[in-house]
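Structure first, commentary second.
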There are 2 protein chains.
Amino acid sequence: MTDTPDPRTLADVEEQELLDTVLPRFATSDDVVIGPGDDTALLRVRTGQSLATTDTMVLGRDWLDEWSTGADVGHKLVVQNVADIAAMGGRCTALLVTLVASPRTPLAWVADFTGGVEAAAREAGTVVVGGDLSSAPDGVRMVSITALGELDDVRPVLRSGARPGDLVAVHGTLGRAAAGLLLLERGTPEKAPDLVLAQRRPSTSYEQGPLAARAGATAMLDISDGLLRDGGRIARASGVRLEFDPALLAADIAALAVAVGADARDCVLAGGEEHSLLATFPPGSVPADWRVIGAAAHGTGVTVGGEVPSRSGWDHFGSAKSD
Amino acid sequence: MTDTPDPRTLADVEEQELLDTVLPRFATSDDVVIGPGDDTALLRVRTGQSLATTDTMVLGRDWLDEWSTGADVGHKLVVQNVADIAAMGGRCTALLVTLVASPRTPLAWVADFTGGVEAAAREAGTVVVGGDLSSAPDGVRMVSITALGELDDVRPVLRSGARPGDLVAVHGTLGRAAAGLLLLERGTPEKAPDLVLAQRRPSTSYEQGPLAARAGATAMLDISDGLLRDGGRIARASGVRLEFDPALLAADIAALAVAVGADARDCVLAGGEEHSLLATFPPGSVPADWRVIGAAAHGTGVTVGGEVPSRSGWDHFGSAKSD
């Protein structure tokens, strides 16, 4: 180790040498029979069922190197994936990590990314058991994780179980990651470093997923594309209308208004990448620490204060399209 | 359905509309408790253990649209991943499929790719249970699969179990995919359409993986980066030397020489993307349909006719580097 940054890029090392550097960093667990380095990993599955999900981040679309370090990207990628496991009521048992990058990618970035993945995996109580390294044309960098998990004595909580009369509740913050992104876009991150951190390194209370499942959650997901869009997914899958109560979101909006002004409402309603858990519960079964922000009713779609909102969040291909 | 090609691109459809088109194409199976469309999939795991692997293909590095259709790419991606499961002795139970593409990607390409994945999954006896769609900058397209599997009453066959005295055997062809690539590069695909097809749509006898495991294979992998490089991986992991016998490879080389001339030897020894299974067996236990092409001995690395070869196959980042 020296104080000068490693000047090498991926083109300067053999794939095997890189793997030899990266793989020993990853912890193992009792669930891992065979870890990274062979054709496949082999995991114990104690409950007879395995959850599986995958999520990808692309340089230039999901992050900019000017705004996020490799460790930030690794952290966020883990959170995105493990939040999906939590949103089924599950516990994450293993991750597969893919890096697709041009040969000019600095080894220092790869090491930083790997460190971020490793730290976030540890925080999530899970381990990296495999992955893939692929080269890409210049300028292209993309990272992807597949997360596996198990349900410990709970039934999976789908998006489709909400019923009219259920309460809509959220665990965690709303709109903070989107507000942080706005500050970065405006070039004024110093106005609220905590919001910028929420954008770079979102956090989810993973244990709230299984807890909500045990409490009787009828539908659940994590907010990745905005409260309205993700709420709309529950509404659509469940065949109900989700009615958000603006009075119950006013404090979220007010808290962000200091930093982002009139955009605070959009951040709370349409801001993605927050990864807080959104769920529906029968009345009387909302767990402590969850905040009721609305209710499910007969109908379709989502409303805010009885009105159908004009903007509903992030669509991957048709960005900023109204729908 | 019309006879004119769909002129639309990913930018012209909502993500949900795309998913609604794609998801119903995928078959299901008894192993699938929850399929695509929720936060995660949920799979039955009958044996208490799950195999997991992931592999990625990148436009411009792993395929060119001029040479491969979307269906070709989907097919190859499935084969790559399921071959890894087979090379552990396993049976593939489920796939997660990721598409990262620019909004300008033709919907027709996406449909073609999806069809290729679906058909190849069916051939492999497996199903798609989830995935991810992400947008990318213009010109970028990347597809990735995570394959899950199980070991049915066999122990996993690692790369590390070869012992001096074992025989080295292969199931399937050698060098054909590389020879097909050479013909495409030379602009003479018509010289051997069967080799070009082997490049576009490699095939693996997946059932030979479990069969080899039951026969007592001590080490196994599929040939993705070339016989010498992948053989070197077994040698390294097992602490042995793999000695290939040129007389036992002569027919493979001769068969390709008609189409690619003097490059036939390189294709057989260093050609990647073949996905045939390479394994070591104690003498007397090589299964029918497997061809002995060498033996394991005390030592390190690989030899061909007693000599250390000068070229050893495909390295993802340091392409064409000697080592």
Side-chain angles (χ1 to χ4, degrees), chain A residues 10-11 13-15 18 33-34 38-46 48-58 60-62 84-85 87-88 90 94 96 98 100 103 129-137 140 142 144 146-149 151 156 158-160 221-222 315-318 321 323, chain B residues 10-11 13-15 18 33-34 38-46 48-58 60-62 84-85 87-88 90 94 96 98 100 103 129-137 139-140 142 144 146-149 151 156 158-159 221-222 315-318 321 323:
Chain A
L10 283 174
V13 290
E14 291 284 326
E15 188 178 0
L18 186 62
V33 184
I34 299 168
D38 219 292
D39 296 300
T40 82
L42 183 62
L43 304 174
R44 252 179 221 105
V45 179
R46 299 167 194 279
Q49 294 188 327
S50 180
L51 299 164
T53 184
T54 186
D55 223 343
T56 298
M57 291 176 67
V58 181
R61 304 291 294 213
D62 299 299
D84 279 330
I85 297 281
M88 293 294 273
L96 299 166
T98 293
V100 178
V129 297
D132 188 31
L133 273 171
S134 278
S135 66
V140 175
M142 192 228 75
S144 184
T146 294
L148 303 175
L151 296 160
L158 306 188
R159 298 174 176 188
S160 53
L221 47 61
D222 70 297
D315 182 82
H316 286 280
F317 294 103
K321 211 184 285 178
D323 62 348
Chain B
L10 283 175
V13 289
E14 291 285 325
E15 187 178 359
L18 185 61
V33 184
I34 300 168
D38 218 293
D39 297 299
T40 82
L42 183 63
L43 304 174
R44 254 181 218 102
V45 179
R46 299 168 194 278
Q49 295 188 327
S50 179
L51 299 164
T53 184
T54 186
D55 223 343
T56 298
M57 292 176 67
V58 181
R61 304 291 294 213
D62 298 298
D84 279 329
I85 297 281
M88 294 294 274
L96 299 166
T98 293
V100 179
V129 297
D132 188 31
L133 273 171
S134 277
S135 67
V140 176
M142 195 228 73
S144 183
T146 294
L148 304 175
L151 296 160
L158 307 188
R159 298 173 176 188
L221 46 63
D222 70 297
D315 183 82
H316 286 280
F317 293 103
K321 209 183 288 178
D323 62 346

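Hydrogens, waters and symmetry mates play no part in the numbers below; they use all other heavy atoms, side chains included.
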Provide the closest heavy-atom pair for [X] versus [Y] in the form atom of the first, atom of the second, distance.
X: Asp38(B); Y: Arg159(A); value: OD2-N, 2.9 Å
X: Pro103(B); Y: Ala136(B); value: CD-O, 3.5 Å
X: Thr53(A); Y: Asp39(B); value: OG1-O, 3.0 Å

Please classify the contact between Thr98(A) and chain B as side chain, backbone, both or neither, with a heavy-atom cut-off of under 4.5 Å.
side chain

Does some side-chain heavy atom of Thr54(A) sit less than 4.5 Å from a side-chain heavy atom of Ser144(A)?
yes

Please state whether the side chain, the backbone, both or neither of [X] comes within less than 4.5 Å of a heavy atom of chain A.
X: Pro156(B); answer: side chain
X: Leu96(B); answer: side chain
X: Met142(B); answer: side chain
X: Val45(B); answer: both

Among Gly130(B), Ala94(B), Pro137(B), which residue forms the greatest number of heavy-atom pairs with chain A at distances under 4.5 Å?
Pro137(B)

Top contributor to chain A contacts, counting heavy-atom pairs under 4.5 Å, from Val58(B), Thr56(B), Val100(B)
Thr56(B)

Candidate pair Leu158(B) and Met88(B), rule side-chain contact (heavy atoms from CB on, under 4.5 Å), full reasoning
CA-CA 6 Å; Leu158(B) 307 188; Met88(B) 294 294 274; 3.6 Å; yes

Can you tell me which of Ala87(A), Gly60(A), Gly90(A) forms the most heavy-atom pairs within a distance under 4.5 Å of chain B?
Ala87(A)

Partners of Thr40(A) by side-chain hydrogen bond (donor to acceptor under 3.5 Å, both in side chains), sequence neighbours excluded?
none

